[in-house]
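See below for the structure under consideration.
Quick note on labels: first sequence line is chain A, next is B, and so on, each numbered from 1.
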Amino acid sequence: MLEAYPDNRLSRIFLWGFSALVMAFLMLPTLVVVPLSFSASNLLEFPPRAYSLRWYETFFGSATWMAALRTSLILGTLTAMVAVPLGLLACISINRLGGKAAVTIQGVLLTPSIVPGILLAIGLFFVLAAQRLVGTLFGVLVGHVVLAIPVACIVLLPALARFDWNQVQAARSLGANWARAIGGIIVPQLHISLLSATLMAFLTSLDESVISIFISSGRNSTMPKLMFLSLRDQIDPTIAAISTLWTAIVVAVVLIVTLRRKS
Amino acid sequence: MESLPITIDSVSKSYGTYVALDDVSLDIQAGEFLTLLGPSGSGKTTLLMALAGFVRPDSGKLLLGDRDITRLAPNKRDIGIVFQNYALFPHMNVLANVAYPLALRKMPKAEARRRALDTLARVKLEGLSERNIAALSGGQRQRVALARAIVFEPRVMLMDEPLSALDKNLRETMQYEIRRLHDDLGITTIYVTHDQREALIMSDRIAVMNSGRIQQIDTPQRIYDRPSTRFVAEFMGEANIVAPGLVRRIDGADASRATLMIRAESFHLDEKLVGRDGIALEGTLRAKAFRGENWLLTLALDGGGQEVLVCIPAALASGCGELATGQRVTAYAPAAKVHPLPETIA
Amino acid sequence: MTATADPALAADALRERRFFLSLSLPALFIVGLAAILPILWIIRQSFLTTGGEYTFGNYEKVLSSGLTWSALVTTLELSLATLAICILLGTPLALALASARPRVANVLMAFVMLPLWTSILVRTYGWLVLLRRDGLINAALTGSGLTAEPLPLVYNFTGTLIGMVHYMLPLFLLPVYAAMRDIDANLIRASSSMGASLGQVIRTVILPLSAGGIFSGSTIVFIYTIGFFITPAVLGGGKVNPLSTRIERTLSTFQDWGSASVLGILLLIVMAMIGVMFLAARRLSTRNGAAHA
Ligand SMILES: Nc1ncnc2c1ncn2[C@@H]1O[C@H](COP(=O)(O)OP(=O)(O)OP(=O)(O)O)[C@@H](O)[C@H]1O
Ligand SMILES: [Mg+2]
């Protein structure tokens, strides 16, 4: 935009210099973790004097961490499996109803994304405690699903708005009931958006920490919960290895989503 | 396959205070090709979609044969529909699109495939069965849409401006082919268009719609020559609506008291080409234009200055080139082409 | 006019509407179960003693405690400071990105979004490594002789603030960048041709036109930071206690569900008040805008 202003060399150099610093600030904490994870030393020294894979070995050798990894992956998968179909149905409903009803439903479904996580967490904790469900996978799952539904809807609503609904009418006129029209016409054509929604829902669960911290426990502790506890207690390079792996997983998922979108 | 008559009985539909269909009644005979013709927004699509089950009327009845389908779900109506944008399924190839209604009817795979291929051959798409929809031309898509709508042998077919996306030449070919397909199958067809030529060429009967009402339903020739309202007269072509008193009979007898509809191309400049019972209009030439196959003259009539369009075929218009504006001109029309508008007869 | 509506057809229309409504029921049910019911439960819990009897005691206890009010102050301080720094850092960055060629801007945006896709815990860990007494930054500072003693950068307000700004900056940037991208470059050409200096162009054209984006970004910053938990809990090192960590401690350490609930409601009220303020501000500014036009 500023390129439209003639003769702005000096201010541009200043602006870009400033921006480079801000971008460095944004990237620094994510990147600094990577070399640390390959350090051979117990100390958090930078740059590491010698490199090794010992912290990765520690991580993969730890039954606790492995259980947490398993829990997180299972939770992410279940969350996506529940949140995306529910989100799709809700989005179809919103799209077809229109008007006040649609605005209301959308508003209700999006509330969990603006309520502070800590409130959802303690509220859910109370509710689950009354049912003796604190610490169960199910308890964390509902918490994650409720956060993943808005995420799925944000991906799916615009996709449905772009969808050519004449095709559903065509399918109906050819003899398809609603279930078959959704399964045979809408779902196959939205497959890219559905994949995005699935991965985003998966990530939402994978990344969620506050509900996990309050609800999950013991064998069902998630990765973020264990990471939170070890950040509070002691920090050693194992966390660096985990962080690096974790970021790699997330970046891979995001790349898949964006690349699939583009193609 | 036996086709069925369609009865539309006092169907009304409003959107809020806007009346899209205003007490529409229409009987379509078994095997008939009926066209709904009307300007944009006149309710053609709404009526078609009511038959298909996608628009729920506020009141009225829809019958297929003796069967009341007013409240039947769209997927149980067995009506073949060709949508304006074709609504082909892009995630299926041509064959899968055409076989889709058969698969829904649980027809064995091999038989469905054979039927679909037969239907594709019928619409001249042999050899394209494995193509992707995206790889088809507009005309080919049109044919796939047709094949998909007839493959399950519906007893009624609805088409909503199926040719509007095609260029002129292709449109004329397809007009012919759709009509031929209809004649082969004998399937009761309702066809929507806002192109009056297309309606005239293709239909057994035409129903002209305006503002949610049927204005007139008749054969193409009668709709064109004997419109019952001013709207129909003007919608169907260059029509002159002439007030009584401005015309005289050539033979001197008393002229009609009704408002007259005379099409521009009914006029002659040569009295001898018109019988003694024809009429004459006198006026001065306002403008003239050469349009290739004909000349278009604009006359301002004596006594009021009402303008009348006169269209003279180029072959009969040897003198038109020399006419100058301001010159006095008399135009003649044969009695058979002078139509008193019924709505104006008191 | 049209005939009267057929009741059977009207009933069908209603049935169809109910069918479409029913498609969103499962999702609504989950949201009700896992978001709305919990909030209601917090309200109920705030009136209960440990024994389960109704009481106002929790409110008396929490509202009379100095800790509560200092938590409230900390919460607002953190939010306001985060917002101020986001505006200071984010607006120029958005300006630079919006001025870049689209290709370059897209690549840079991907980098800006990287932290958004990194787990909050990973980032918090990264900051710990950087900001500790023997961390990278202090090593660099003392090593280069800029400071004699390592600076206290973490386990305090500063560290918490750094972590929160880092979390919020990309989220603040998105709407601002979008608003700036939409500004017509011809406006800038026009004002420069009329003799405006670059500073004047930025002040009189770019900032007013991207005010909507900055406003949205600020709303997002506020809504998120009010309830922030992980960052103060880890980078605050127990010394920075906004409402969120107070809630956690009251619940986990003191097992005082009632007081934790009261604090939760307090948080909700603060959020609602700020939300209303933002809405009012938006309404006021659009009305003024209309008056100017
Ligand atoms: N869902 C709807 N809500 C409100 N008004 C509608 C709706 N569907 C149709 N209408 C209105 O009803 C009128 C008739 O529409 P319809 O689509 O039947 O016209 P049409 O004759 O098919 O026109 P066209 O030749 O442009 O396709 C239009 O004025 C349209 O705006
Ligand atoms: Mg239409």
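For A121(A), no part lies under 4.5 angstrom from a heavy atom of chain C. Proximity to chain A is limited to the side chain of R132(C), based on heavy atoms less than 4.5 angstrom apart. Residue L173(C) does not touch chain A at all, counting heavy-atom pairs closer than 4.5 Å. Both the backbone and the side chain of A233(C) come within contact range of chain A, judged by heavy atoms closer than 4.5 Å. Using a 4.5 Å cut-off between heavy atoms, L251(C) contacts chain A through its side chain alone, with no backbone atom that close. At a 4.5 Å heavy-atom cutoff, the contact between L89(C) and chain A is made by backbone and side-chain atoms alike. For I149(A), the part sitting under 4.5 Å from any heavy atom of chain C is the side chain, from C-beta outward, and nothing else. Interface residue E248(C): backbone and side-chain heavy atoms are both found under 4.5 Å from chain A. In this structure, chain C has no heavy atom under 4.5 Å from any part of L147(A).
Chosen from L36(A), L109(A), V253(A), L120(A), the residue pairing most often with chain C at heavy-atom distances under 4.5 Å is L109(A). Of the listed residues V122(C), I226(C), L108(C), the one with more heavy-atom pairs under 4.5 angstrom with chain A than any other is V122(C). Comparing L136(C), I265(C), L97(C) by heavy-atom pairs within less than 4.5 Å of chain A, the highest count is held by L136(C). Chain C forms the most heavy-atom pairs under 4.5 Å with one residue out of V142(A), L97(A), V210(A), and that residue is L97(A). If you tally non-hydrogen atom pairs under 4.5 Å between each of W41(C), Y125(C), F20(C) and chain A, the highest count goes to Y125(C). Your options are V82(A), L119(A), V145(A), T111(A), and the one with the most heavy-atom pairs under 4.5 Å with chain C is L119(A). Of the listed residues (T244(A), V32(A), V108(A), I239(A)), the greatest number of heavy-atom pairs within a distance under 4.5 Å of chain C belongs to I239(A).
Under a cut-off of 6.0 angstrom, the local environment of CZ in R133(C) is sparse, with at most 12 non-hydrogen atoms contributed by other residues, nucleotides or ligands. Summarising the local packing, OH of Y224(C) is surrounded by 12 or fewer heavy atoms from other residues, nucleotides or ligands at distances under 6.0 Å.
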Which pairs of donor and acceptor atoms, one on a side chain in residues 23-39 of chain C, lie under 3.5 Å apart (sequence neighbours left out)?
from   : atom 1 : to     : atom 2 : distance (Å)
S24(C) : OG     : S93(A) : OG     : 3.2
S24(C) : OG     : L21(C) : O      : 2.9

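Between atom CG of residue L95(C) and atom CH2 of residue W16(A) there is a gap of 9.5 Å, rounded to the nearest 0.5 Å. Interatomic distance, CD1 of I118(A) versus CG of L243(C), reported as 10.0 Å (0.5 Å rounding). A distance of 9.5 Å separates CE of M109(C) from CE of M23(A), quoted to the nearest 0.5 Å.
Between F229(C) and F228(A), the distance from one ring center to the other falls under 6.0 angstrom.
I120(C) places none of its side-chain heavy atoms less than 4.5 Å from the side chain of D207(A). Looking at V129(C) and V33(A), their side chains never come closer than 4.5 Å, going by heavy atoms from C-beta outward. Proximity of L121(C) to S243(A): side-chain heavy atoms (C-beta onward) are nowhere separated by under 4.5 Å. Using a 4.5 Å heavy-atom cutoff, the side chains of T247(A) and S119(C) are not in contact.
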* Show your reasoning for whether side-chain contact (heavy atoms from CB on, under 4.5 Å) applies to L231(A) and T124(C). => CA-CA 9 Å; L231(A) 282 192; T124(C) 311; 4.2 Å; yes
* To do: With side-chain contact (heavy atoms from CB on, under 4.5 Å) as the test, would you mind laying out the steps for L114(C) and V251(A) before giving the verdict?
  => CA-CA 8 Å; L114(C) 175 71; V251(A) 168; 3.9 Å; yes
* Test side-chain contact (heavy atoms from CB on, under 4.5 Å) on T118(C) and V250(A) and set out the steps. => CA-CA 7 Å; T118(C) 318; V250(A) 174; over 6 Å; no
* To do: With side-chain contact (heavy atoms from CB on, under 4.5 Å) as the test, would you mind laying out the steps for I230(C) and I213(A) before giving the verdict?
  => CA-CA 10 Å; I230(C) 303 277; I213(A) 288 167; 3.5 Å; yes
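Ring-plane geometry between W178(A) and F19(C) is classed as tilted, the angle between the planes lying from 30 to 60 degrees on a 0 to 90 degree scale. Ring geometry for F25(A) versus H166(C): interplanar angle over 60°, hence perpendicular rather than tilted (30 to 60°).
Nearest heavy atoms, P29(A) versus R123(C): CB-O, 3.9 Å. Taking both residues in full, the closest heavy atoms of S261(C) and F126(A) are given as OG-CE1, 3.1 Å, listed atom of the first, atom of the second, then distance.
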